[in-house]
Amino acid sequence: MRNTAKVTTAVLAAGTLTLGLSACGSQDSAASDTSGPLVVAASPTPHAEILTYVKDNLAKKAGLDLEVKEFTDYVTPNTATEDGSVDANYFQNQPYLDDFNKKNGTDIVPVVTVHLEPLGLYSHKVKRADDLKSGATVAVPNDSVNEARALKLLDANGLITLKDGVGNEATPSDIAKNPKNLKFKELEAAQTPRSLDDVDAAVVNGNYAIEADLSPAKDALVLESAKNNPYGNFLAVKNGNEKDPRVKKLAKLLTSAEVKKFIEDKYEGSVIASF
């Protein structure tokens with residue numbers, strides 16, 4: 001990816017701490033300076049790939065100087081957006097952001113929804129979800145929103161039954177019926193596809209599935225429905241920066257016909273345009 005910066009979590013964590021200590025002296029000036037490149041934090045796949053398509057094919061004509069930074073976790077993009085070390089991020093959905101803002105005191109807001117990555121159940125050991133044996137171990141993401149989302153997927157497909165009224169903070173303790181006596185292994189979301197040789201099945205976020213050469217549209221035993229799905233991924237900024245003209249330009253480009261065609265052609269149903 002030409003002119004795309006890949007940043008490791010360890011380096012970012014250190015950088016974020018440093019920036020946080022100096023944020024009081026730099027945030028106001030950074031927020032008012034819209035003359036430089038728009039720096040956007042993104043997960044490598046598909047977010048950074050979509051942004052890089054925009055950068056290479058659409059941004060120049062629109063007068064947008066776009067810089068993409070790749071993050072491999074679900075925490076640092078928001079903390080970096082909050083402290084001003086990046087201008088925006090593109091990696092998350094509304095339930096995750098609501099939970100993150102509440103728990104971390106951040107004030108990140110969505111700008112425009114771009115795509116959906118259907119969550120799926122995968123296995124190296126069975127071909128159908130019904131073939132999971134009694135006592136099988138299923139890996140699920142350990143962050144509260146994605147774990148609840150994973151359990152709702154299993155519930156929707158009859159593998160478990162959740163208690164009535166369970167929301168976006170469901171955990172295995174909220175399971176009312178577990179006919180297969182499934183056991184759950186809670187892992188960082190990025191680790192779930194890597195666990196497939198060690199567990200009977202794993203619920204994997206769409207971006208991590210694609211990075212692991214899994215095709216959600218073809219390989220998932222069960223897959224989230226796109227209809228009325230609240231987990232669309234969006235461009236987000238710190239509250240107050242929505243009117244940044246660079247952000248407005250990027251929002252328009254990300255929801256263009258060209259980007260929709262790019263998503264359809266490249267991901268073949270594993271990523272779905274949400275506009």
Side-chain angles (χ1 to χ4, degrees), residues 1-8 12 30 33-74 76-78 80-81 84-94 97 108-118 190 205-218 226 229 231-238 241-275:
M1 296 182 181
R2 181 167 52 86
N3 294 329
T4 300
K6 181 174 286 187
V7 188
T8 65
L12 283 166
D33 180 13
T34 61
S35 61
L38 182 71
V39 182
V40 183
S43 297
T45 305
H47 310 78
E49 293 174 347
I50 295 170
L51 288 168
T52 298
Y53 170 80
V54 170
K55 176 181 175 64
D56 291 345
N57 296 277
L58 306 174
K60 184 176 181 180
K61 184 177 180 179
L64 175 65
D65 186 1
L66 179 62
E67 181 180 339
V68 185
K69 287 190 175 182
E70 294 184 15
F71 289 67
T72 57
D73 71 300
Y74 283 170
T76 322
N78 275 335
T81 302
S85 54
V86 300
D87 301 300
N89 66 56
Y90 173 33
F91 78 100
Q92 65 191 319
N93 56 56
Q94 191 68 59
L97 177 60
I108 311 296
V109 296
V111 177
V112 66
T113 301
V114 181
H115 77 267
L116 171 72
E117 301 161 24
N205 291 73
N207 60 315
Y208 291 132
I210 295 168
E211 288 176 22
D213 294 325
L214 295 167
S215 170
K218 298 176 183 178
N229 195 303
Y231 296 103
N233 284 208
F234 46 67
L235 179 70
V237 298
K238 186 174 183 178
N241 292 340
E242 305 94 314
K243 295 182 180 180
D244 183 328
R246 302 168 302 167
V247 171
K248 288 185 174 182
K249 286 180 181 178
L250 180 56
K252 185 175 181 180
L253 294 177
L254 282 172
T255 53
S256 65
E258 292 91 341
V259 167
K260 185 173 184 178
K261 186 175 187 305
F262 172 78
I263 290 173
E264 291 172 347
D265 291 348
K266 183 171 180 64
Y267 301 109
E268 300 178 329
S270 295
V271 176
I272 304 167
S274 298
F275 56 91

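Only a predicted model underlies this, so the values are computations on that prediction, with no experimental measurement involved.
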Taking the side chain from [X] and the backbone from [Y], do they hold a donor-acceptor pair closer than 3.5 Å?
X      : Y      : answer
Ser256 : Leu253 : yes
Ser43  : Phe91  : no
Arg246 : Asp65  : no
Asn207 : Pro46  : no

Do [X] and [Y] touch side chain to side chain, with heavy atoms closer than 4.5 Å?
X      : Y      : value
Leu97  : Asn78  : yes
Val86  : Pro77  : no
Val259 : Leu58  : yes
Val54  : Val68  : no
Leu250 : Leu51  : yes
Leu116 : Tyr231 : yes

**Asked** Checking side-chain contact (heavy atoms from CB on, under 4.5 Å) for the pair Val271/Thr45: CA distance, chi angles, key distance, verdict?
**Response** CA-CA 10 Å; Val271 176; Thr45 305; over 6 Å; no
**Prompt:** Can Asp87 and Val247 be said to form a side-chain contact (heavy atoms from CB on, under 4.5 Å), step by step?
**Reply:** CA-CA 9 Å; Asp87 301 300; Val247 171; 5.7 Å; no
Nearest 0.5 Å please: distance from the [atom1] atom of [X] over to the [atom2] atom of [Y].
X      : Y      : atom1 : atom2 : result
Ile272 : Asn229 : CD1   : CG    : 8.5 Å
Leu66  : Lys60  : CG    : NZ    : 14.5 Å
Glu117 : Asn205 : CD    : CG    : 7.5 Å
Thr52  : Glu70  : OG1   : CD    : 6.5 Å
Leu235 : Thr113 : CG    : OG1   : 9.5 Å
Glu67  : Leu38  : CD    : CG    : 9.5 Å

What pairs with [X] under side chain to side chain contact (heavy atoms under 4.5 Å, CB included), at least two apart in sequence or on another chain?
X      : answer
Glu242 : Val109, Val237, Asn239
Pro245 : Thr34
Ser215 : Ala217, Lys218, Asp219, Ser270

**Message:** Gln94: which residues meet the side chain to side chain donor-acceptor pair (under 3.5 Å) condition with it, sequence neighbours left out?
**Reply:**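 Side chain to side chain donor-acceptor pair (under 3.5 Å) check on Gln94 returns Asp98.
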**Prompt:** If every non-hydrogen atom of Ala251 is compared with every non-hydrogen atom of Val112, which pair is closest and at what distance?
**Reply:**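 Shortest heavy-atom separation between Ala251 and Val112 comes out as CB-CG1, 3.7 Å.
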**Item:** Nearest heavy-atom neighbours spanning Ala209 and Pro216
**Value:**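 Nearest heavy atoms, Ala209 then Pro216: CB-CG, 4.2 Å.
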**Request:** Could you name each residue pair satisfying ring-ring contact (aromatic ring centres under 6.0 Å, His included) that touches residues 40-59, not counting sequence neighbours?
**Result:**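 Listed once each, the pairs are His47-Tyr90, His47-His115, Tyr53-Phe262.
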**Message:** Show me the pairs that pass salt bridge (charged side-chain N to carboxylate O under 4.0 Å, His left out) and involve residues 248-264, at least two apart or across chains.
**Reply:**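 Pairs touching residues 248-264 that pass the test: Lys261-Asp265.
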